[in-house]
Amino acid sequence: MSAPVAEPARRSIEVVAGVIRDARGRILLARRTEGRDLAGRWEFPGGKREPGESPEGALVRELREELGIEAEIGDHVITVPQQYPDKHLSLDVREVRAFSGTARGREGQALVWVPPHKLAAYEMPPADVPVVAALGQPDRYLVTPEPGATGVLSAVDRVVGNLGQIGQRLRRDPQPLSPAEQRWLQALDRALASGIRRVQLRAHGHDPARWPLLAAVAAERCRAARAEVLVNGDATLAAQLSVGLHLRAAQLVEPARRPMPDGVPVGASCHTLEDLRRAQDLGCDFAVLGTLKPTPSHPGEPGIGWDAFARLREAVSLPIYAIGGLGAADLPEARRHGAQGIAAIRAWWG
Ligand SMILES: Nc1nc2c([nH]c(=O)n2[C@H]2C[C@H](O)[C@@H](COP(=O)(O)OP(=O)(O)OP(=O)(O)O)O2)c(=O)[nH]1
């Protein structure tokens with residue numbers, strides 16, 4: 001009998017990279033030169049941390065060597081753990097608060113200054129997808145709670161064929177909304193006023209005949225606040241309201257391709273590595289992973305904790321929100337484990 005073949009040991013590298021902005025707010029990317037791993041891809045300037053070096057010290061040295069600038073290191077943005085075929089990467093990204101000198105590619109690398117909203121158009125290594133999202137997308141994802149007790153519906157309200165008209169009517173005359181629904185909309189308004197810019201409209205247990213109408217009004221309020229909206233689970237309703245779709249984990253097995261057109265946001269709830277891989281294969285824009293900590297809404301579930309979150313996150317190249325028993329105080333820790341931020345009902349509800 002032959003001895004079991006040991007898996008080849010994977011190298012582990014720690015890399016620090018900087019977000020360098022010019023006076024116009026554009027961000028500097030450098031192109032990886034030929035003959036190196038991931039050649040041709042664009043990256044945030046930086047490099048490997050040497051033994052004994054602090055992350056800040058390593059970044060100052062790398063930016064001096066690669067670009068000829070003297071940098072002042074600012075806030076932590078995100079640390080992305082990422083599994084590559086031949087190595088394990090930890091990519092620690094920092095803002096560069098200020099720098100002196102003119103950035104030049106001193107190692108023959110091409111440089112480009114990119115407006116933040118155009119970063120996603122540049123082909124970058126897998127670990128940079130969560131970095132670009134962390135720089136431009138909300139770190140708080142509100143999941144709405146159940147709207148509560150419902151009122152009486154008129155026959156007209158039951159006709160959900162023309163949501164646009166019904167939504168218009170409800171906005172002019174809020175009478176068809178029950179007191180519980182009105183309180184729910186007021187809480188949504190407060191959440192939007194507090195700065196929430198990504199919302200999942202979810203109404204487990206709400207009267208399904210009333211939900212499309214309430215969702216239409218809620219979507220309109222989110223739009224007015226320039227918040228992105230995704231409807232939980234219902235692709236037809238999402239299309240009728242012209243909003244995004246948030247897939248439940250059980251729905252990840254159904255579609256063979258992205259269920260909404262490009263440009264319309266698609267999120268997914270994930271619990272396992274398989275869920276995350278499916279979400280990535282489907283072309284989801286982001287995922288929600290949990291449950292992170294024990295929470296009253298999931299009694300008996302211990303929560304996976306941050307280390308397990310990071311191990312799951314590193315297997316895919318997706319922005320991922322952590323969910324479950326988390327709030328604003330957990331945002332820095334979330335970013336240290338590669339999370340886009342925190343998804344929550346209670347913590348973000350008005
Ligand atoms: N500087 C930088 N590196 C990145 C980014 N994204 C990303 O995956 N990386 C990876 C690519 C490399 O594997 C590693 C940076 O290593 P390096 O540039 O100092 O050295 P290298 O090419 O010799 O890397 P390696 O073969 O030793 O892994 O980090 C990024 O945005 N900036």
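The chain is numbered in sequence order, starting from 1. Indexing begins at 1, ligand by ligand and atom by atom, following the structure's order.
- Taking each heavy atom of A308 and I304 in turn, the nearest pair found is CB-O, 3.3 Å.
- Identified under the ring pair (Phe, Tyr, Trp, His ring centres under 6.0 Å) test for residues 255-287, with sequence neighbours left out: Y141-F286, F286-Y321.
- The 12-atom threshold is exceeded at CZ of R36, counting heavy atoms of other residues, nucleotides or ligands nearer than 6.0 Å.
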Report, one line per pair, each donor and acceptor closer than 3.5 Å where one atom sits in a side chain of residues 105-117; sequence neighbours left out.
from: R106; atom 1: NH1; to: R64; atom 2: O; distance (Å): 3.0
from: Q109; atom 1: OE1; to: E107; atom 2: N; distance (Å): 2.8
from: Q109; atom 1: NE2; to: E66; atom 2: O; distance (Å): 3.1

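- Under the side-chain contact (heavy atoms from CB on, under 4.5 Å) criterion, R24 pairs with D22, R26, not counting sequence neighbours.
- Partner of S269 under the side chain to side chain donor-acceptor pair (under 3.5 Å) criterion, chosen from Q251, H246, R248: H246.
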Any protein N or O within less than 3.5 Å of an N or O in ligand 1? List each pair with its distance, or say none.
from: ligand 1; atom 1: 1 (N); to: F44; atom 2: O; distance (Å): 3.2
from: ligand 1; atom 1: 1 (N); to: G46; atom 2: O; distance (Å): 3.4
from: ligand 1; atom 1: 3 (N); to: E43; atom 2: OE1; distance (Å): 3.2
from: ligand 1; atom 1: 6 (N); to: D128; atom 2: OD1; distance (Å): 2.6
from: ligand 1; atom 1: 8 (O); to: Y84; atom 2: OH; distance (Å): 2.6
from: ligand 1; atom 1: 13 (O); to: K87; atom 2: NZ; distance (Å): 3.1
from: ligand 1; atom 1: 18 (O); to: R32; atom 2: NH1; distance (Å): 3.1
from: ligand 1; atom 1: 18 (O); to: R36; atom 2: NH2; distance (Å): 2.6
from: ligand 1; atom 1: 20 (O); to: K48; atom 2: NZ; distance (Å): 2.9
from: ligand 1; atom 1: 22 (O); to: R32; atom 2: NH2; distance (Å): 2.6
from: ligand 1; atom 1: 22 (O); to: R36; atom 2: NE; distance (Å): 3.3
from: ligand 1; atom 1: 23 (O); to: K48; atom 2: NZ; distance (Å): 3.4
from: ligand 1; atom 1: 24 (O); to: K48; atom 2: NZ; distance (Å): 3.2
from: ligand 1; atom 1: 27 (O); to: R11; atom 2: NH1; distance (Å): 3.4
from: ligand 1; atom 1: 27 (O); to: K48; atom 2: NZ; distance (Å): 2.5
from: ligand 1; atom 1: 28 (O); to: R11; atom 2: NH2; distance (Å): 3.4
from: ligand 1; atom 1: 28 (O); to: K87; atom 2: NZ; distance (Å): 2.7
from: ligand 1; atom 1: 31 (O); to: F44; atom 2: N; distance (Å): 3.1
from: ligand 1; atom 1: 31 (O); to: D128; atom 2: OD1; distance (Å): 3.4
from: ligand 1; atom 1: 31 (O); to: D128; atom 2: OD2; distance (Å): 2.5
from: ligand 1; atom 1: 32 (N); to: F44; atom 2: O; distance (Å): 2.7

